[in-house]
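Since the model is a prediction, treat every value here as computed from it, not as a measurement. Proteins come first, then strands; the chains are lettered A, B, ... in the order of their sequence lines, and each starts at number 1.
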There are 2 protein chains.
Amino acid sequence: MSATQIDAVTLDGAGPLYDQIRRAIRDLILAGTWPPGTSVPPEHALMEKLGASRMTVHRALAQLAREGLILRRRRSGTVVASPPASHAMLDILSIPEEVGELGQAYSYRILQRRDGKASREVAARFELGRSVNVTHLTLLHFADGAPHVLEDRVIHPTAMPQVADESFAQTPPGDWLLQNSLWTQAEHAISAIAAEPDEAELLKIEAGSPCLLVERRTWNQSEPITAVRLLYPGGRHRFVGRFGPYGAV
Amino acid sequence: MSATQIDAVTLDGAGPLYDQIRRAIRDLILAGTWPPGTSVPPEHALMEKLGASRMTVHRALAQLAREGLILRRRRSGTVVASPPASHAMLDILSIPEEVGELGQAYSYRILQRRDGKASREVAARFELGRSVNVTHLTLLHFADGAPHVLEDRVIHPTAMPQVADESFAQTPPGDWLLQNSLWTQAEHAISAIAAEPDEAELLKIEAGSPCLLVERRTWNQSEPITAVRLLYPGGRHRFVGRFGPYGAV
DNA sequence: CAGTGGTCTAGACCACATC
DNA sequence: ATGTGGTCTAGACCACTGG
């Protein structure tokens with residue numbers, strides 16, 4: 001929507017021209033100089049500014065559109081896209097959505113919150129250095145009133161200073177982070193573990209029952225944002241993905 | 001390497017020309033008409049045959065190259081690529097490789113093989129219709145002599161008639177299928193279950209221990225090829241994936 | 001209607017790897 | 001040396017859609 005500084009587009013002279021243009025615009029988007037919603041200059045403006053033919057400019061923009069960084073529409077032009085909310089196979093980024101897709105009613109409860117230096121136990125669980133300040137939360141998510149998943153999370157206030165003023169009364173921390181943080185890397189791990197007695201009691205299953213443990217950590221440019229452990233009662237949950245040998249189907 | 005029938009490339013008149021060309025060639029590859037290693041006609045030959053400009057032909061081929069279906073090299077030309085062996089996050093397509101990457105010695109043992117109509121139990125487990133002929137196998141894979149994963153598999157002889165003459169003495173069925181079948185779709189599911197007593201005994205764990213169950217089914221053009229259930233002792237195994245908001249990192 | 005992107009052409013020059 | 005793909009241009013026509 002907002003106006004755009006076309007002069008911000010500068011080429012580095014390395015590699016094919018269409019790729020220089022693609023990278024120049026991509027970098028402006030990823031650096032936040034052109035936030036989501038920003039208008040990207042039309043092809044003819046970039047042609048003149050950069051001295052390239054329209055085909056070459058178009059090739060750069062078409063590739064950015066394929067990658068999902070920009071949205072293009074005839075007449076109304078090109079705008080910077082919002083980062084995608086969900087993600088291929090394993091992505092269960094939003095638990096409210098996950099429950100909603102099962103057709104069940106969602107609710108959640110914060111069991112505990114502690115801001116400050118991580119205890120030795122929490123530090124070990126999330127592989128944190130000693131004396132790192134974090135916000136540590138445990139939550140229980142419900143589907144139709146029944147326990148759905150147990151969440152154990154740390155948030156790094158260095159990356160998210162706003163966390164101190166957020167109560168998470170309206171929005172669970174996972175969704176709040178999705179809306180308020182920019183992440184560039186994530187790591188997922190899946191394993192099967194037996195529920196500890198305290199966990200089993202919260203999830204209303206028997207101690208020792210098999211559970212699916214999904215661990216996710218996210219970073220912005222190697223600065224950690226959050227780490228979470230999601231414990232799903234086994235049997236009731238499966239993560240499914242479908243694809244072909246050359247990519248998603 | 002082999003000669004190529006350029007006349008096999010036929011357009012359907014639907015959508016942009018470059019996309020018609022891309023789909024025509026993609027379909028020849030996926031159908032096996034042009035198997036891996038086949039030479040794809042050079043751009044000028046496709047230009048003449050299809051009456052398109054070179055830019056348009058190039059656009060189609062460049063996209064197929066980005067998708068990994070063909071390999072292009074100056075002077076030597078374009079050939080159909082071999083399907084990729086591995087696959088992003090969850091793909092543990094070859095158990096020997098998986099064990100090798102852990103730095104452990106691999107071995108395996110066939111516990112059972114039965115060719116013919118699936119028993120009611122097997123049919124239910126793999127969601128097969130009644131009176132479907134399959135080869136049913138159970139195997140145990142070892143890492144450094146210790147049980148690593150329990151495999152339970154059905155292979156459809158309609159898709160893989162050679163299975164009748166294969167003893168799997170040299171190569172486990174998963175790797176044999178990778179080498180001898182063409183698949184276009186796969187589905188994965190991951191869940192956590194408790195080991196049944198017989199499974200636990202084979203894996204040398206306690207009955208009821210949490211295990212990671214990886215189920216995979218593969219098809220070629222909606223014809224089923226194989227379905228497998230891999231039972232990994234919990235705790236010892238994690239599946240890890242790394243990516244960014246716009247794709248793999 | 002006019003501005004935007006989508007496609008396509010004809011031709012050109014270049015880089016590269018094999019012959 | 002030559003055949004191949006990689007890039008780029010200048011220009012054209014069309015499709016869509018907001019003013």
Side-chain angles (χ1 to χ4, degrees), chain A residues 1-4 6 9-26 29 34 37-81, chain B residues 1-4 6 9-26 29 34 37-81:
Chain A
M1 301 293 185
S2 35
T4 293
I6 193 175
V9 184
T10 56
L11 307 183
D12 59 11
L17 185 53
Y18 74 87
D19 206 54
Q20 294 180 48
I21 299 172
R22 183 186 67 83
R23 284 183 286 106
I25 294 175
R26 181 203 63 188
I29 294 171
W34 289 359
T38 307
S39 289
V40 176
E43 296 184 351
H44 69 80
L46 289 166
M47 270 177 72
E48 291 189 6
K49 155 77 175 155
L50 303 172
S53 77
R54 204 187 133 213
M55 273 296 288
T56 302
V57 170
H58 177 78
R59 190 168 170 179
L61 294 176
Q63 183 160 346
L64 288 170
R66 274 196 304 272
E67 295 169 4
L69 274 81
I70 59 177
L71 296 172
R72 316 199 73 193
R73 276 188 355 230
R74 287 172 209 202
R75 171 70 187 178
S76 61
T78 300
V79 296
V80 176
Chain B
M1 299 297 187
S2 33
T4 292
I6 192 174
V9 184
T10 56
L11 307 183
D12 59 11
L17 184 53
Y18 74 86
D19 206 54
Q20 295 180 47
I21 300 173
R22 181 186 69 82
R23 284 184 285 105
I25 294 175
R26 181 202 62 187
I29 294 172
W34 290 358
T38 308
S39 290
V40 175
E43 295 183 353
H44 69 81
L46 289 167
M47 269 177 72
E48 291 189 7
K49 156 77 176 155
L50 302 172
S53 76
R54 205 188 133 212
M55 273 296 287
T56 302
V57 171
H58 177 77
R59 189 169 170 177
L61 294 175
Q63 183 159 346
L64 289 170
R66 273 196 304 272
E67 295 169 4
L69 274 83
I70 58 177
L71 297 173
R72 316 199 73 194
R73 277 185 358 227
R74 288 179 231 233
R75 170 71 188 180
S76 59
T78 300
V79 296
V80 177

- Task: Please check the phosphate of D:dG5 (OP1 and OP2 only) for any side-chain N or O of B:T78 closer than 4.0 Å.
- Result: yes
- Task: Please state whether the phosphate of D:dG6, meaning OP1 or OP2, lies under 4.0 angstrom from any side-chain nitrogen or oxygen of B:R72.
- Result: yes
- Task: Take the protein atom CD of A:Q20 and the nucleotide atom C1' of D:dT7, then report the distance between them rounded to whole Å.
- Result: 12 Å
- Whole-Å gap separating C1' (C:dA10) and CD (B:E48): 14 Å
- Task: Round to the nearest Å and state the distance from A:L46 atom CG to D:dT9 atom P.
- Result: 13 Å
- Describe the nucleic acid contact of A:L17 in one word from base, sugar-phosphate, nothing, applying a heavy-atom distance below 4.0 Å. sugar-phosphate
- Look at the side chain of B:Y18 and decide which nucleotide, out of C:dG5, C:dC8, D:dG5, has an atom nearest to it. C:dC8
- Message: Would you compute the distance between atom CD of B:E43 and atom CE of B:M55 and round it to the nearest 0.5 angstrom?
- Response: 10.0 Å
- Message: With a 4.0 Å limit, can you tell me whether A:R75 has a side-chain N or O closer than that to the phosphate oxygens OP1/OP2 of C:dG3?
- Response: no
- Rounded to the nearest Å, what distance is computed from the CE atom of residue B:M47 to the C1' atom of nucleotide C:dT9? 9 Å
- Note on the structure: Expected list for residues 51-60 of chain A near DNA chain D, using heavy atoms below 4.0 Å, is A:G51, A:A52, A:S53, A:R54, A:M55, A:T56, A:R59
- Atom-to-atom span, CZ of A:R73 to P of C:dG6 - whole angstrom: 12 Å
- Is there a donor and acceptor pair closer than 3.5 Å between the side chain of B:R74 and the base of D:dT4? no
- Note on the structure: A:L64 CG to C:dG6 P, in whole Å, measures 12 Å
- Item | Inter-residue atom distance B:L61.CG - B:I70.CD1, 0.5 Å rounding | 5.0 Å
- Message: Side chain of A:P16, heavy atoms from C-beta onward: which of D:dG5, D:dC8, C:dG6 has the nearest atom to it?
- Response: D:dC8
- Using whole Å, report how far CG of A:L71 lies from C1' of C:dT4. 15 Å
- Please, which pairs that meet salt bridge (charged side-chain N to carboxylate O under 4.0 Å, His left out) have at least one residue in residues 55-65 of chain A, sequence neighbours excluded? none
- Ion pair B:R22/B:E67, N-O distance below 4.0 Å: yes
- To the nearest Å, give me how far apart NE2 (B:H44) and P (D:dG3) are. 9 Å
